[in-house]
Amino acid sequence: MTITPDFRFRRLRRSPVLRQIVREHHLRPEDLIMPIFVQEGIAEPVDIASMPGVQRFPESQLGGELRRLWQLGLRAAILFGVSDNKDSCGSDTWSDDGLMARCIRTAKAAVPDMLIISDNCFCEYTDHGHCGVVVEDDVDNDQTLTNLQAQVVTAARAGVDMIAPSGMMDGMIAAIREALDEDGYHHIPVMSYSTKFASAFYGPFRDAVDSNFKGSRNTYQMDPANGREALAESMQDEGEGADILMVKPGLAYLDVIANIRQHSNQPLAVYHVSGEYAMIKAAANAGVIDEKAVVLETMLAFKRAGCDLILTYYAEDLLKWLAEG
Ligand SMILES: [Zn+2]
């Protein structure tokens with residue numbers, strides 16, 4: 001007996017053009033934000049062992065690297081400093097001669113039209129590796145906010161285009177907005193790492209920033225088990241004035257992205273983190289997956305879940321793949 005379906009979805013899948021014209025989501029070069037690591041005290045780029053294809057750059061090569069990426073079509077980069085100048089509170093971050101301020105000035109001079117974002121935290125600038133001031137074995141929220149205010153004003157003075165606080169301190173967006181506005185930086189937007197989980201997927205990032213941090217960030221980053229709290233965290237930051245929200249990591253948290261998308265009209269970013277990058281690389285290098293296809297599928301999953309922007313170490317490859325069509 002022949003069975004006749006009521007409706008035939010396959011009608012719109014018959015040719016590449018048909019599939020293209022009904023495609024719901026697309027990845028564009030301007031969706032991508034590339035993380036860039038800049039290390040003090042090196043003369044040549046250093047490979048990051050756990051993240052094949054990713055390097056730490058010396059300050060002297062930051063401008064050239066950004067110009068190269070601009071030519072490839074990159075429109076936004078987020079800078080991470082790997083500092084030699086560590087102390088208990090991360091004071092290098094609010095020095096006008098500190099690593100981040102210098103990197104911002106270098107970047108803006110090299111590629112004035114590229115959107116230069118600063119990752120604003122303390123963990124790469126503190127000798128204990130925590131994301132703020134430690135009091136009695138825990139990060140003191142409110143002291144850290146005061147330092148964060150100094151840090152973001154320094155970044156703004158250096159010419160940064162957007163602030164991106166990643167420390168998951170309570171009240172951080174309100175504190176940042178107040179400090180920026182008070183110093184006349186009303187126009188500088190804030191992209192909050194608004195829902196950031198205490199994730200095992202960050203492993204290779206520690207290698208990238210040369211951190212020997214052995215502790216835990218569980219008292220400030222979120223429990224991966226909590227979906228309702230994940231929404232509340234981002235909505236709180238929106239209420240405090242965050243211009244762009246973010247979920248970090250990505251693929252294991254698509255439900256969180258979709259939920260925030262339903263509750264917020266702000267632009268939403270996702271951080272496709274080091275462990276996610278390293279897993280795809282390892283599988284590709286083992287010859288068990290098609291790297292380009294898997295990365296493009298992953299990026300579309302972020303878009304489908306509701307993201308506008310994607311921070312990814314695959315940005316350069318993606319720009320080349322998108323140009324190939
Ligand atoms: Zn941090």
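Order of listing sets the numbers, starting from 1, for every ligand and every atom in it.
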Give me the ring orientation class for F37 and F80: parallel if the planes are under 30° apart, tilted from 30 to 60°, perpendicular past 60°.
->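 Rings of F37 and F80: tilted, as their planes differ by 30° to 60°.
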
Once the angle between the rings of H187 and Y185 is folded into 0 to 90°, is it parallel (under 30°), tilted (30 to 60°) or perpendicular (over 60°)?
-> tilted

Are [X] and [Y] connected in the hydrophobic side-chain network, where two residues link if heavy atoms are under 4.5 Å apart?
{"X": "L12", "Y": "F9", "value": "no"}
{"X": "L322", "Y": "L309", "value": "yes"}
{"X": "F213", "Y": "L99", "value": "no"}

So which of R102, K86, R56 actually passes salt bridge (charged side-chain N to carboxylate O under 4.0 Å, His left out) with E40?
-> R102

Result, protein N, O or S atoms below 2.8 Å from the Zn ion (ligand 1), excl. waters, equals 3

